[in-house]
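Counting starts at 1 for both ligands and their atoms, in listed order. We count residues from 1, following the sequence as given. Atom set for the values below is all heavy atoms of this structure, side chains included, hydrogens, waters and symmetry mates excluded.
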Amino acid sequence: MNTVTTGAVDNLRASLRGQLLQPADAGYDAARTIWNAMIDRRPAYIVRCAGAADVLAAVTFARDHGLRLAVRGGGHNIAGSALCDDGLVIDLSAMRSVRVDPLQRRAWVAGGATLGDFDHEAQAFGLATPLGINSTTGVAGLTLGGGFGWLSRTRGLAVDNLLAADIVTADGKLLHVNASDHPDLFWAIRGGGGNFGVVTSFEFLLHPVGPQVSAGLIVFPHAQAKSVLTQYRDLVDRLPEELTVWAVLRKAPPLPFLPATAHGADMVALAVFSPLPMAELKDALDIMRGFGQPLGEHLGAMPYTAWQQMFDPLLAPGARNYWKSHNFTQLGDEAIDTVVRYAGNLPSPQCEIFLGLLGGRASAPAPDATAYPHRDALYAMNVHTRWENPAEDTPCIAWAREFFRASAPYASGSVYVNFLTQDEGERVVDAYGPNLARLARIKAQYDPDNLFRNNQNIRPAS
Ligand SMILES: Cc1cc2nc3c(=O)[nH]c(=O)nc-3n(C[C@H](O)[C@H](O)[C@H](O)COP(=O)(O)OP(=O)(O)OC[C@H]3O[C@@H](n4cnc5c(N)ncnc54)[C@H](O)[C@@H]3O)c2cc1C
């Protein structure tokens, strides 16, 4: 129960450069709205921080008053961990600055910046670092869980490119962490999520990318999905690092390059990305086109920032979403059969199954090089169930769970922490595997009372 006095709240408000929102305040409901419309939580306090000083004040206030504490970066986490009921939310959405040093190829990124913010600033200099596939996702939550996307096969995960961070810990201190200062904590935040404190600033290594890249879609009818996926699986074994191909099974959106008869029909799309020019991809693209009789394709040179936003319309905030996820080290015939069977029986038109391809530099580090351990995962499969009407909750969630169970025998048993839903706390052990014990020891050192527990929680070692 919340026993905070009015005087204490007034003192908090007066100490902030940013804003304190309570339930009766204008803007409160907007501030408690996140990407997944399934999440409806009512925090007692939302501190919209303007900088690290506000974060320090908010952490201290929550700790001293025994309040549940949540941290919001981009607000995309499927489990809704950006919000809590009754407690205090540290909302970083006003802290979106990105500073780039093009000569040193470094970027300093504030804790509430989105992928779009990052790419916008870095691409002004033809630079980028591996992030995810949807520009409105938060850099913070994505990076703290690992972070993979189109550049990961050539440049690793987001955490592999993190050089340093500023983090406010549970004892109300701001620490600068890197490979030599607080190396254990620096290791832990490279995959350990929001368990260790509030990151106010990240320092990333940048790489030359684009500004023009080669990317696009080749779309086949669902009737050819088994053959396409089997040939895709075989091609992946000899795919160069510079080529990334994800497989997406869903109903076709009304894309102008597809015949009208295909719109709304089940399909499998190969989403292709490469930093190489189109001319150098011709042979590989011809092989993929030959996987079946494509319904259509849209492939070519385009700005990297355009490709980074390509899937935004399908992933807009405000829909109801429920995810289930497996990692795969290989894709056997039975796994493909299962994927094809369930993709042919989607419970609602916006649902999709995707196989995100890893490998290459994403698999190069040792599993204990960072807290993110899944260096053997070749495919991260996400069962993305998505719909609008609450009346569809039960069938959509049931379909996702059933498919998850049916595909489990072929999966590795591990899972990417950033794809876990709110009812999957027991899978934290699968998300961290051999790194969990070390994470728990570091948690005991920096957050012994588990102040940062509104997440896929790593309990402090006793
Ligand atoms: C549409 C969509 C597309 C996605 N695509 C990808 C993808 O391509 N690749 C990929 O790797 N992941 C992807 N994800 C998953 C994504 O990485 C997670 O949802 C991630 O948690 C989002 O981070 P956020 O800051 O937006 O979320 P939030 O919900 O704001 O934060 C999630 C959690 O991270 C922690 N956190 C956030 N900010 C901070 C901070 N500054 N300091 C400390 N802790 C913090 C907190 O524990 C918080 O609860 C996608 C998610 C969505 C919804």
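- Taking every heavy atom of Leu315 and a limit of under 4.0 angstrom, the matching atoms of ligand 1 come to 1 (C).
- Listed by atom number, the atoms of ligand 1 under 4.0 Å from Leu92 heavy atoms are 40 (C), 41 (N).
- Heavy-atom contacts of Trp35 reach the following atoms of ligand 1: 1 (C), 53 (C) (cutoff under 4.0 Å).
- Taking 4.0 Å as the cut-off, Gly145 does not count as a neighbour of ligand 1 on heavy-atom distance.
- In summary, the side chains of Arg401 and Tyr322 do present a donor paired with an acceptor at a separation below 3.5 Å, with no hydrogens or angles considered.
- Assignment of Ala70 to the shell around ligand 1 is not supported, since no heavy atom sits closer than 4.0 Å.
- Side-chain contact check for Gln350 and Arg320: no donor-acceptor pair (N or O, by modelled atom type) lies under 3.5 Å.
- For atom 26 (O) of ligand 1, the closest heavy atom belonging to the protein is Gly138 N, 2.8 Å.
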Exercise. Could you give me the CA-CA distance, side-chain angles and deciding distance for Asp91 and Arg48, then say whether salt bridge (charged side-chain N to carboxylate O under 4.0 Å, His left out) is met?
Key: CA-CA 5 Å; Asp91 177 355; Arg48 188 158 275 174; 3.0 Å; yes
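- Taking only non-hydrogen atoms, the option from Ile34, Leu69, Val71 nearest to atom 48 (C) of ligand 1 is Val71.
- A side-chain donor from one of Ser414 and Asn327 sits under 3.5 Å from a side-chain acceptor of the other.
- A cation-pi arrangement is found for Arg190 relative to Phe186, the charged atom lying closer than 6.0 Å to the ring centre and inside a 45° cone about the ring normal.
- Evaluated by nearest non-hydrogen atom to atom 47 (O) of ligand 1, the leading choice among Gly194, Ala110, Gly147 is Gly194.
- Neither the backbone nor the side chain of Phe196 has a heavy atom within less than 4.0 Å of ligand 1.
- Using the six-membered ring where Trp is involved, Trp246 and Phe354 have ring planes that are parallel, under 30° apart on the 30 and 60° scheme.
- For ligand 1, the atoms lying closer than 4.0 Å to a non-hydrogen atom of Val199 are 40 (C), 41 (N), 42 (N), 43 (C).
- Nearest-residue assignment for atom 6 (C) of ligand 1 (options Leu144, Asn134, Leu142, Asn455; heavy-atom criterion): Leu142.
- Aromatic pair Phe148/Tyr416: centroids less than 6.0 angstrom apart.
- For ligand 1, the atoms closer than 4.0 angstrom to any heavy atom of Ser81 are 32 (C), 33 (C), 48 (C), 49 (O).
- Ranking protein heavy atoms by distance to atom 28 (P) of ligand 1, first place goes to Gly75 N, 3.4 Å.
- With no hydrogens or angles considered, a side-chain donor-acceptor pair links Ser348 and Glu392 at under 3.5 Å.
- For Pro347, the side chain to side chain contact (heavy atoms under 4.5 Å, CB included) partners two or more places apart in sequence, or in a different chain, are Cys351, Thr385, Cys396, Trp399.
- Annotation for ligand 1: atoms under 4.0 Å from non-hydrogen atoms of Ile133 are 5 (N), 7 (C), 8 (O).
- Nearest to atom 23 (O) of ligand 1 among the protein's heavy atoms is Gly141 CA, 3.1 Å.
- Interface atoms of ligand 1 facing Ala140, defined by a heavy-atom separation under 4.0 Å, are 38 (N), 39 (C), 40 (C), 41 (N).
- Nearest protein neighbour of atom 43 (C) of ligand 1, counting heavy atoms only, is Gly197 O, 3.1 Å.
- For Tyr410 and Gln330, the side-chain atoms include no donor-acceptor pair closer than 3.5 Å.
- Contacts of Tyr416 with ligand 1, taken as heavy-atom pairs under 4.0 Å, involve the side chain alone.
- Counting heavy atoms from C-beta outward, Arg106 and Leu163 have side chains that approach closer than 4.5 Å.
- The protein atom (non-hydrogen) at minimum distance from atom 17 (O) of ligand 1 is Asn418 ND2, 3.0 Å.
- The shell of residues lying under 4.0 angstrom from ligand 1, judged by heavy atoms, includes Trp323.
- Each of the following atoms of ligand 1 lies closer than 4.0 Å to a heavy atom of Gly111: 41 (N).
- Under the salt bridge (Lys or Arg N to Asp or Glu O under 4.0 Å) criterion, Asp447 pairs with Lys443, sequence neighbours left out.
- Among all non-hydrogen protein atoms, the one lying nearest atom 24 (P) of ligand 1 is Gly74 N, 3.4 Å.
- No side-chain donor from either of Ser81 and Asn455 sits under 3.5 Å from a side-chain acceptor of the other.
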